[in-house]
Q: 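My structure is below; once you've seen it, I'll send some questions.
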Amino acid sequence: ERSVNRLFSRSKCLSSSDMPYYPSLRLLYFGGVLSILAVVGHFLPFIFSLVQFGVLIVLTLALTDFLLLHRAGSRVICSRTMARRFSNGDDNEISLELRNGFSLRLLVKVMDQVPVQFQMRGFVLSNWVGPGTTQVEKYHLRPHTRGAYHFGDVILLLSTELCLIERKVMAPGKEKVKVYPSFLGLDQIELKAINSKINNTGIKRIRRIGQSTEFDTIKDYVIGDDPRHINWFNTASSGKLMVNQYVDEKSQNVYCILDKSRIMKSPFEGLTLLDHSINAALALMTVALRKDDNVGLMAFEQQMDTFLKASKGSRQAYYLMESLYRETTTYKEPDFSELILAISRHINQRSLLLLFTNFESASSLERQLPYLKEMSKKHLLIVVYFRNTELDEFARSQAESTREIYDQIIARQMLMEKLSIRKTLTKAGIRSLYTSPRHLSTSIVNRYIEIKASREI
């Protein structure tokens, strides 16, 4: 219950007292029709008499509607409930609970002032709420940038069955919500990663090779166990075969290195490559923490902006989330020489380094290749760079003009250059991961599990 109270914000109650009244569209339509008939009645007196009678009826109904909405002691209460943290790139639910304190059915139009980042002008939720009942309206917001989002006031427009007068209800509902890297669904990845068997959609099962060196427990021998692991001392004392059981080595250092240069601001499906990298890094580090590894973070541009020493535990997870939440770029070129200096200064133990960057051409790789070679001498380095899926689709599409044929030839040359980057890295003894932003989290977790199974760090 305490965790739920921390996660969800307190409700903001809105009272419908001392608020202005407005004519509805229906009343304006009636007024327009009566005005036209009044002009016609200037030439046809009997129509003018009908107009006078119609005006009297409309005014009577409007007054009745006003009195119904102005009933003393009656009010409508609205409560907004949402998470204190939003997940970037995911659908986040917001609930608006409407409580009708009137003794008649009301049409309630809800205008929630969502943060300006969503650019949702004219956003209105409309529904009928019965007398003395509660109605819950839900909607979802999908942020595409990390940072602080500010909600404004909630505005209600109340109407009766007559729908001639609208009563405006407004109360302070300002709230600030932090948008963190994508954390929805991380629990599922954690549960699957406990036994290193991540075999859900898009996540493959791997074959474990080699022999672990970290002792776990002693158990009874069953057919299929390695005879080399038989514990002869316990076998002699217990009178039955006993074997030693081993597990993967733990407490290894894993660092995610984020390139925050301008190349990482390229958009893909509403998110930048930097945001995709941050989401994938969060997923990987969550799995690594669950597997008892030490996890750290580095982020650089022209200099090392962020360094979080590898550690483990729930407190480290909090520090990682807060650090990833604040990462931005100044659109500068990356300086890998500064990265080399920071690594040599802060990381003394052999570690797994996952460098999230991007190379669009072989020439851009050649400038940084000496620094990558230097990093791979002391650490296990994996360079993560991105497949341009839009370019792939265009290169495979059917050309309909000579211009498109030329464009497709250029696109295929660019794709071949991307593949040559992987060959260059492999030739230099550097591992790489060439994947699309959409499958980045899955691919990077798979690669980590493979490395853990082969005990290369």
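Only this structure's heavy atoms are used, side chains among them; waters, hydrogens and symmetry mates stay out.
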Q: Listed by chain and number, what are the ring-ring contact (aromatic ring centres under 6.0 Å, His included) partners of Tyr385, not counting sequence neighbours?
A: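 ring-ring contact (aromatic ring centres under 6.0 Å, His included) check on Tyr385 returns Tyr434.
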Q: Could you tell me whether Arg167 sits above the aromatic face of Tyr21, with NZ or CZ closer than 6.0 angstrom to the six-membered ring centre and within 45 degrees of the axis?
A: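 No - Arg167 does not lie over the ring of Tyr21 by the 6.0 Å and 45° rule.
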Q: Centre-to-centre under 6.0 Å for Phe118 and Phe123, is that the case here?
A: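 They do not qualify: ring centres at least 6.0 Å apart.
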Q: Less than 4.0 Å between a side-chain N and a carboxylate O, is that true for Arg99 and Glu97?
A: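 So Glu97 pairs with Arg99 through a salt bridge.
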Q: Using the test side-chain hydrogen bond (donor to acceptor under 3.5 Å, both in side chains), find all partners of Glu333 that sit at least two apart in sequence or belong to another chain.
A: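 side-chain hydrogen bond (donor to acceptor under 3.5 Å, both in side chains) check on Glu333 returns Arg262.
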Q: When you compare the side chain of Thr160 with that of Leu106, does any pair of heavy atoms fall below 4.5 Å?
A: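 When only atoms from C-beta onward are counted, Thr160 and Leu106 do touch, with a gap below 4.5 Å.
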Q: Is there a donor-acceptor contact under 3.5 Å from the side chain of Arg71 to the main chain of Leu67?
A: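 Not a single qualifying donor-acceptor pair exists.
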Q: So, does Asn100 use its side chain to make a donor-acceptor pair with the main chain of Leu104 at under 3.5 Å?
A: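 Here the side-chain-to-backbone pair exists.
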Q: Keeping Asn358 on the side-chain end and Phe386 on the backbone end, is there a donor-acceptor pair under 3.5 Å?
A: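 Pair found, side chain donor or acceptor close to backbone of Phe386.
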Q: Within the structure provided, determine whether Asn92 and Pro143 are in side-chain contact (heavy-atom separation under 4.5 Å).
A: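 Contact flag for Asn92/Pro143 side chains = yes.
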Q: Answer yes or no: is there a donor N or O on one side and an acceptor on the other, between the side chain of Thr133 and the main chain of Val129, under 3.5 Å?
A: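 Absent.
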Q: May I have the step-by-step check of side chain to side chain contact (heavy atoms under 4.5 Å, CB included) for Glu161 and Arg105, ending in yes or no?
A: CA-CA 7 Å; Glu161 299 278 0; Arg105 195 168 74 126; 2.9 Å; yes
Q: State, without any angle test, whether His439 and Thr442 hold a side-chain donor-acceptor pair at a distance under 3.5 Å.
A: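 There is no such pair (donor and acceptor under 3.5 Å, judged by atom type) between the side chains of His439 and Thr442.
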Q: Let's go through Tyr255 and Lys309 carefully: what are the C-alpha distance in whole Å and the side-chain angles of both, what is the deciding distance for side chain to side chain contact (heavy atoms under 4.5 Å, CB included) to 0.1 Å, and is it a yes or a no?
A: CA-CA 9 Å; Tyr255 280 92; Lys309 187 175 178 60; 4.1 Å; yes
Q: Side chain of Glu301, backbone of Thr329: donor and acceptor closer than 3.5 Å?
A: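 No, the answer is negative, given that no donor and acceptor are paired below the 3.5 Å cut-off.
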Q: Return a table of donor-acceptor pairs under 3.5 angstrom between the side chains of residues 27-52 and protein atoms on other chains or two or more places apart.
A:
| residue | atom | partner | partner atom | Å |
| --- | --- | --- | --- | --- |
| Ser35 | OG | Gly31 | O | 2.7 |
| Ser49 | OG | Pro45 | O | 3.4 |

Q: By salt bridge (Lys or Arg N to Asp or Glu O under 4.0 Å), which residues pair with Lys109, not counting sequence neighbours?
A: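 If we apply the salt bridge (Lys or Arg N to Asp or Glu O under 4.0 Å) test to Lys109, skipping adjacent residues, the hits are Glu166.
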Q: Determine whether the side chains of Asp335 and Gln302 contain a donor N or O and an acceptor N or O closer than 3.5 Å.
A: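 No - no donor-acceptor pair under 3.5 Å links their side chains.
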Q: List the atom of Ala399, the atom of Ile405, and the distance in Å for their closest heavy-atom pair.
A: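 Closest heavy-atom pair between Ala399 and Ile405: CB-CG1, 3.7 Å.
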Q: Please walk me through it: do Phe300 and Leu258 pass side chain to side chain contact (heavy atoms under 4.5 Å, CB included)?
A: CA-CA 6 Å; Phe300 76 102; Leu258 299 175; over 6 Å; no
Q: With the side chain counted from C-beta on, respond yes when Leu125 and Lys138 share a heavy-atom pair under 4.5 Å apart, and no when they do not.
A: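 Sidechains of Lys138 and Leu125: no contact.
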Q: Applying salt bridge (Lys or Arg N to Asp or Glu O under 4.0 Å), can you list everything that pairs with Asp90, at least two apart in sequence or on another chain?
A: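 Salt bridge (Lys or Arg N to Asp or Glu O under 4.0 Å) check on Asp90 returns nothing, list empty.
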Q: Determine whether a donor-acceptor pair (N or O, by modelled atom type, separation under 3.5 Å) exists between the side chain of Glu404 and the backbone of Glu400.
A: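 Checking the backbone N and O of Glu400 against the side chain of Glu404, a donor-acceptor pair under 3.5 Å is found.
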Q: Take Thr389 and Phe394, measure what side chain to side chain contact (heavy atoms under 4.5 Å, CB included) needs, and give me the verdict at the end.
A: CA-CA 9 Å; Thr389 54; Phe394 177 73; over 6 Å; no
Q: Between the side chains of Ser95 and Glu137, is a donor N or O closer than 3.5 angstrom to an acceptor N or O?
A: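 No donor-acceptor contact under 3.5 Å links the two side chains.
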Q: Give me the atom names and distance for the closest heavy-atom approach of Leu308 to Ser323.
A: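 Distance-wise, the nearest heavy atoms are CD2-OG, 4.3 Å.
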Q: Distance from Leu273 atom CG to Lys260 atom NZ, nearest 0.5 Å?
A: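 Going from CG on Leu273 over to NZ on Lys260, the span is 15.5 Å.
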Q: Could you tell me whether the side chains of Gln252 and Lys291 share a donor-acceptor contact shorter than 3.5 Å?
A: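 Judged by distance alone, the side chains do not pair up.
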Q: Who are the side-chain contact (heavy atoms from CB on, under 4.5 Å) partners of Leu391, not counting sequence neighbours?
A: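 With neighbours one apart ignored, the set is Asn388, Ala411, Met414, Leu415.
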Q: Output the distance between atom CZ (Arg85) and atom NZ (Lys178), rounded to the nearest 0.5 Å.
A: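 The CZ atom of Arg85 sits 10.0 Å away from the NZ atom of Lys178.
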Q: Let me confirm one number: the CG-CG distance from Asn127 to Leu98, rounded to the nearest 0.5 Å.
A: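 The distance works out to 8.0 Å.
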Q: Minimum heavy-atom separation for Leu156 to Cys78, with atom names?
A: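 The pair with the smallest heavy-atom distance is CD1-CB, 3.9 Å.
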Q: So does Ser87 get a backbone contact from the side chain of Arg142, meaning a donor-acceptor N/O pair under 3.5 Å?
A: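 It does not hold such a pair.
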Q: Could you work out, with salt bridge (Lys or Arg N to Asp or Glu O under 4.0 Å) as the rule, every residue matching Arg422, not counting sequence neighbours?
A: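 Salt bridge (Lys or Arg N to Asp or Glu O under 4.0 Å) check on Arg422 returns nothing, list empty.
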Q: To the closest 0.5 Å, what do you measure between CD (Glu175) and CD1 (Ile94)?
A: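 Those atoms lie 10.5 Å apart.
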Q: At what distance, to the nearest 0.5 angstrom, does CD1 of Ile382 lie from CG of Leu354?
A: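 These two atoms lie 5.0 Å from each other.
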Q: Atom OG in Ser432, atom CG in Leu381: separation rounded to 0.5 Å?
A: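 Going from OG on Ser432 over to CG on Leu381, the span is 10.0 Å.
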Q: State, to 0.1 Å, how close Ser159 and Trp128 come at their nearest heavy-atom pair, and which atoms those are.
A: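 Smallest heavy-atom distance, with atoms named: O-CZ3, 4.5 Å.
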Q: Among residues at least two apart in sequence or on other chains, which ones pass side-chain hydrogen bond (donor to acceptor under 3.5 Å, both in side chains) with Asn279?
A: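 Result, side-chain hydrogen bond (donor to acceptor under 3.5 Å, both in side chains) vs Asn279: none returned.
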Q: With distance as the sole test, does Ser351 use its side chain to make a donor-acceptor pair with the main-chain N or O of Leu353 at under 3.5 Å?
A: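 A pair under 3.5 Å: no.
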Q: Can we say Lys312 and Asp293 salt-bridge, meaning some charged N sits less than 4.0 Å from an Asp/Glu carboxylate O?
A: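 So Lys312 does not pair with Asp293 through a salt bridge.
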Q: Please say whether more than 12 non-hydrogen atoms of neighbouring residues, nucleotides or ligands are located less than 6.0 Å from CD in Glu390.
A: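 Not more than 12 within 6.0 Å, no.
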Q: Please identify each residue that fulfils side-chain hydrogen bond (donor to acceptor under 3.5 Å, both in side chains) with Arg345, with sequence neighbours left out.
A: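 side-chain hydrogen bond (donor to acceptor under 3.5 Å, both in side chains) list for Arg345, sorted by chain: empty.
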Q: Taking C-beta and beyond as the side chain, do Leu339 and Ile257 meet within less than 4.5 Å on heavy atoms?
A: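 Contact flag for Leu339/Ile257 side chains = yes.
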Q: Using salt bridge (Lys or Arg N to Asp or Glu O under 4.0 Å) as the criterion, list what pairs up with Arg367, not counting sequence neighbours.
A: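 Arg367: no salt bridge (Lys or Arg N to Asp or Glu O under 4.0 Å) contacts found.
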Q: Under 3.5 Å, is there a donor-acceptor pair between the side chain of Asp305 and the main chain of Ala299?
A: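 No.
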Q: Using a distance-only test with no angle check, is there a side-chain donor-acceptor pair under 3.5 angstrom linking Asn446 and Ser443?
A: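 Not at all, the side chains of Asn446 and Ser443 share no donor-acceptor pair under 3.5 Å.
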Q: State, with a plain yes or no, whether a side-chain heavy atom of Leu271 is found less than 4.5 Å away from one of Pro437.
A: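 Result no, sub-4.5 Å side-chain heavy-atom pair not found.
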Q: Any side-chain donor paired with an acceptor under 3.5 Å for Asn88 and Ser182?
A: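 No, because no side-chain N or O of Asn88 sits under 3.5 Å from a partner of the opposite role on Ser182.
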Q: Side chains of Gln117 and Thr145: is there a donor and an acceptor less than 3.5 Å apart?
A: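 Per modelled atom types, Gln117 and Thr145 side chains form no pair under 3.5 Å.
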Q: Listing request: all ring pair (Phe, Tyr, Trp, His ring centres under 6.0 Å) pairs with a residue in residues 264-283, at least two apart in sequence or in separate chains.
A: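 Qualifying pairs, neighbours excluded: Phe268-His276.
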Q: What orientation do Tyr180 and Phe183 show, parallel under 30°, tilted 30 to 60°, or perpendicular over 60°?
A: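 Perpendicular.
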Q: Suppose we screen for side-chain hydrogen bond (donor to acceptor under 3.5 Å, both in side chains). Which residues come up paired with Asp112, at least two apart in sequence or across chains?
A: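 Partners of Asp112 under the side-chain hydrogen bond (donor to acceptor under 3.5 Å, both in side chains) test: Arg80, Tyr139.
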